[in-house]
Peer 1: 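Once you've had a glance at the structure underneath, I'll fire off some questions.
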Amino acid sequence: MHRPRKRFGQHFLTDSRVVDDILTAIQPRKDEHVVEIGPGRGALTQSLARYAGRLTLIELDRDLVSHLRRLYAQVEQVEIISADALEVDYTELGSNLRVVGNLPYNISTPLLFHLAAHASVVRDMHFMLQKEVVDRIVAEPGSKAYGRLGVMLRARLTATHLFDVAPDAFDPPPRVQSAVVRLNPALQPLQLDDPERFASVVTQAFSQRRKTLRNTLKGTFSADELVAQQIDPQARAETLSAAQFARLANSLTRRDGN
């Protein structure tokens with residue numbers, strides 16, 4: 001039995017009822033390519049290998065990679081990639097990918113950003129995350145949970161909170177509640193002239209949540225420039241939609257001639 005390693009943020013799913021709930025949400029089929037990030041001990045992997053036509057496993061822990069390779073050595077449709085999920089180019093894995101995983105909480109945000117950048121080859125994603133993170137992903141403008149994470153993901157994805165998971169469903173139990181979220185590529189993703197500029201504007205706007213946009217974006221936009229984009233300089237970042245942030249960032253790119 002592989003012992004969880006703190007440095008990898010490992011909390012292995014052990015509750016078979018939760019596994020069944022995740023499978024019900026995904027409903028993998030024989031004509032589909034599923035990518036599982038962080039399969040761990042394989043609680044979900046066994047069922048995915050049985051129902052999916054092709055299964056790619058991405059695992060960083062070399063001991064677990066060795067175990068998985070022994071387990072699936074004779075299973076032709078299972079591919080195992082020993083790599084950091086943050087460094088994988090998902091466009092090289094194919095198209096119409098169905099991505100699933102019990103993501104380590106310590107890398108969940110950068111990994112979500114990385115995957116959002118590959119949304120063009122993804123059909124959907126189902127992830128187990130810290131509940132607080134899921135709340136931030138699905139939050140609407142004006143709510144306390146709404147912030148940089150939700151805005152950045154909403155530019156390319158839509159999100160649905162599916163169900164919560166108690167700590168005792170894992171080994172070892174995390175100190176927080178977990179939740180499963182479904183992410184789908186947006187039917188009409190926001191037009192971003194410069195994605196890095198968009199990310200920069202969003203980060204700057206949320207750097208001091210209690211201050212108005214006139215103050216947080218000072219030096220980047222004047223009050224008149226905000227008004228020209230139909231944005232109240234006295235508003236706070238948490239009140240703006242992702243589309244409004246996109247409009248601001250695009251105006252900045254065009255103004256600077258980049």
Peer 1: Is there side-chain contact between Thr203 and Met152, with heavy atoms separated by less than 4.5 Å?
Peer 2: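 Answer no - side chains too far apart.
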Peer 1: Any chance the side chains of Asp224 and Ser222 put a donor and an acceptor closer than 3.5 Å?
Peer 2: no
Peer 1: Could you tell me which residues satisfy side-chain hydrogen bond (donor to acceptor under 3.5 Å, both in side chains) with Ser47, sequence neighbours excluded, listed by chain and number?
Peer 2: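 side-chain hydrogen bond (donor to acceptor under 3.5 Å, both in side chains) check on Ser47 returns Arg50.
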Peer 1: Are the side chains of Leu111 and Phe127 in contact, using a 4.5 Å heavy-atom criterion?
Peer 2: no
Peer 1: Please examine the side chains of Leu240 and Leu248, heavy atoms only from C-beta on, and report whether any two atoms are closer than 4.5 Å.
Peer 2: yes
Peer 1: How close do Ala119 and Pro185 get, heavy atom to heavy atom, and via which atoms?
Peer 2: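 In terms of heavy atoms, the two residues are closest at O-CG, 3.7 Å.
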Peer 1: Does His114 use its side chain to pair, donor to acceptor, with the backbone of Val88 at less than 3.5 Å?
Peer 2: yes
Peer 1: Side chains of Phe163 and Ile22: closer than 4.5 Å at any heavy-atom pair?
Peer 2: yes
Peer 1: Quick one: list whatever passes side-chain hydrogen bond (donor to acceptor under 3.5 Å, both in side chains) with Thr14, sequence neighbours left out.
Peer 2: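 Partners of Thr14 by the side-chain hydrogen bond (donor to acceptor under 3.5 Å, both in side chains) criterion come out as none, since no residue qualifies.
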Peer 1: Which value, rounded to the nearest 0.5 Å, describes the distance between Leu23 atom CG and Leu48 atom CG?
Peer 2: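 Those atoms lie 6.0 Å apart.
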Peer 1: Between Thr24 and Asp20 (side chain of the first, backbone of the second, donor and acceptor by atom type, cut-off under 3.5 Å), is there such a pair?
Peer 2: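 Checked: pair present.
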Peer 1: Walk me through it: do Leu190 and Arg247 pass the test side-chain contact (heavy atoms from CB on, under 4.5 Å)?
Peer 2: CA-CA 9 Å; Leu190 296 179; Arg247 194 162 66 240; over 6 Å; no
Peer 1: Is a donor on one side and an acceptor on the other found under 3.5 Å between the side chain of Asp193 and the backbone of Ala249?
Peer 2: no
Peer 1: Holding to side-chain hydrogen bond (donor to acceptor under 3.5 Å, both in side chains), I want the full list of residues that pass it with Arg236, two or more places apart in sequence or in another chain.
Peer 2: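 For Arg236, no residue satisfies side-chain hydrogen bond (donor to acceptor under 3.5 Å, both in side chains) once neighbours in sequence are set aside.
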Peer 1: Assess the residue pair His126 and Leu162 against the criterion (side-chain contact (heavy atoms from CB on, under 4.5 Å)); give the C-alpha distance rounded to whole Å, side-chain angles, the decisive distance to 0.1 Å, and a yes or no.
Peer 2: CA-CA 9 Å; His126 292 81; Leu162 297 182; 3.8 Å; yes
Peer 1: With salt bridge (charged side-chain N to carboxylate O under 4.0 Å, His left out) as the test, pick out the partner of Arg54 among Glu76, Glu36, Glu79.
Peer 2: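 That would be Glu79.
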Peer 1: If we only count heavy atoms from C-beta on, is the Asn184 to Leu157 side-chain gap below 4.5 Å?
Peer 2: no
Peer 1: Work out which heavy atom in Ala242 is nearest to a heavy atom in Ala155; give both atom names and the distance.
Peer 2: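 Result for this residue pair: CB-N, 4.5 Å.
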Peer 1: So, Tyr146 side chain and Ala237 main chain: donor-acceptor pair closer than 3.5 Å or not?
Peer 2: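 Flag not set: sc Tyr146 to bb Ala237 has no pair under 3.5 Å.
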Peer 1: Among residues at least two apart in sequence or on other chains, which ones pass ring pair (Phe, Tyr, Trp, His ring centres under 6.0 Å) with Phe206?
Peer 2: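 Once residues adjacent in sequence are excluded, the partners of Phe206 under the ring pair (Phe, Tyr, Trp, His ring centres under 6.0 Å) criterion are Phe245.
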Peer 1: If I take atom CZ from residue Phe12 and atom CG from residue Asn102, how far apart are they, to the nearest 0.5 angstrom?
Peer 2: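 The distance works out to 9.0 Å.
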Peer 1: Indicate yes or no: at least one non-hydrogen side-chain atom of His33 is less than 4.5 angstrom from one of Ser95.
Peer 2: no
Peer 1: For the CG atom of Leu13 and the CG atom of Asp171, what is their distance to the nearest 0.5 Å?
Peer 2: 10.5 Å
Peer 1: Can a donor-acceptor pair be found between the side chains of Tyr105 and Ser178 at a distance below 3.5 Å?
Peer 2: yes
Peer 1: Applying salt bridge (charged side-chain N to carboxylate O under 4.0 Å, His left out) as the test, list every pair that has at least one member in residues 134-149; sequence neighbours left out.
Peer 2: Lys131-Asp135, Glu140-Arg154
Peer 1: A side-chain contact here means heavy atoms from C-beta on lying under 4.5 Å apart; do Val100 and Ile37 qualify?
Peer 2: no
Peer 1: Going by the side-chain contact (heavy atoms from CB on, under 4.5 Å) test, name the single residue among Val122, Ile137, Thr158 that passes it with Leu183.
Peer 2: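 Result for side-chain contact (heavy atoms from CB on, under 4.5 Å) with Leu183: Ile137.
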Peer 1: Given 3.5 Å as the limit, does a donor-acceptor pair link the side chain of Glu59 with the main chain of Asp61, or not?
Peer 2: yes
Peer 1: With a 4.5 Å limit on heavy-atom distance, are the side chains of Val78 and Thr56 in contact?
Peer 2: no
Peer 1: Measure the spacing between CE of Met125 and CG of Leu103 and express it to the nearest 0.5 Å.
Peer 2: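 If we round to the nearest 0.5 Å, Met125:CE and Leu103:CG are 10.0 Å apart.
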Peer 1: Is the number of heavy atoms from other residues, nucleotides or ligands within 6.0 Å of OH (Tyr51) greater than 12?
Peer 2: no
Peer 1: Do the side-chain N and O atoms of Thr220 and Gln204 include a donor-acceptor pair separated by under 3.5 angstrom?
Peer 2: yes
Peer 1: Arg182 side chain to His161 main-chain N or O, any donor-acceptor pair under 3.5 Å?
Peer 2: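 No, because the side chain of Arg182 does not come within donor-acceptor range (under 3.5 Å) of the backbone of His161.
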Peer 1: If hydrophobic clusters are built by linking Ile, Leu, Val, Met, Phe, Trp and Tyr wherever their side-chain heavy atoms come under 4.5 Å apart, do Ile231 and Val227 end up in the same one?
Peer 2: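 Per the 4.5 Å side-chain linkage, Ile231 and Val227 are not co-clustered.
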Peer 1: Counting only N and O atoms by type, is there a donor-acceptor contact under 3.5 Å from the side chain of Ser143 to the main-chain atoms of Ala139?
Peer 2: no
Peer 1: Search all heavy atoms of Val133 against all heavy atoms of Leu129 and return the closest pair with its distance.
Peer 2: CG1-CD1, 4.3 Å
Peer 1: Enumerate the residue pairs fulfilling salt bridge (charged side-chain N to carboxylate O under 4.0 Å, His left out) with a member in residues 113-128, sequence neighbours excluded, ordered by first and then second residue.
Peer 2: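 Qualifying pairs, neighbours excluded: Glu32-Arg123, Arg98-Asp124.
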Peer 1: With side-chain contact (heavy atoms from CB on, under 4.5 Å) as the criterion, how do Phe221 and Leu213 come out once you've worked through the C-alpha distance, each side chain's angles and the decisive distance to 0.1 Å?
Peer 2: CA-CA 9 Å; Phe221 295 98; Leu213 292 170; over 6 Å; no
Peer 1: So which heavy atom on Val138 is nearest to which on Ala159, and how close?
Peer 2: CG1-CB, 3.9 Å
Peer 1: What are the two closest heavy atoms between Leu93 and Ile81, and how far apart are they?
Peer 2: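 That would be CD2-CD1, 3.8 Å.
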Peer 1: How far apart are the closest heavy atoms of Ala83 and Ile58, and which atoms are they?
Peer 2: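 For Ala83 and Ile58, the tightest heavy-atom pair comes out as O-CG2, 3.8 Å.
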Peer 1: Donor-acceptor pair, Gln244 side chain versus Ser241 backbone, under 3.5 Å?
Peer 2: yes
Peer 1: Rounded to the nearest 0.5 Å, how far does CZ of Arg210 lie from CG of Asn215?
Peer 2: 13.0 Å
Peer 1: Between CD of Gln208 and CG of Leu217, what distance do you get to the nearest 0.5 Å?
Peer 2: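 So the CD of Gln208 and the CG of Leu217 are separated by 10.5 Å.
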Peer 1: Looking at Ser66 and Arg62, would you say the former's side chain and the latter's main chain have a donor-acceptor pair under 3.5 Å?
Peer 2: yes
Peer 1: Please walk me through it: do Val176 and Glu132 pass side-chain contact (heavy atoms from CB on, under 4.5 Å)?
Peer 2: CA-CA 9 Å; Val176 296; Glu132 179 186 349; over 6 Å; no
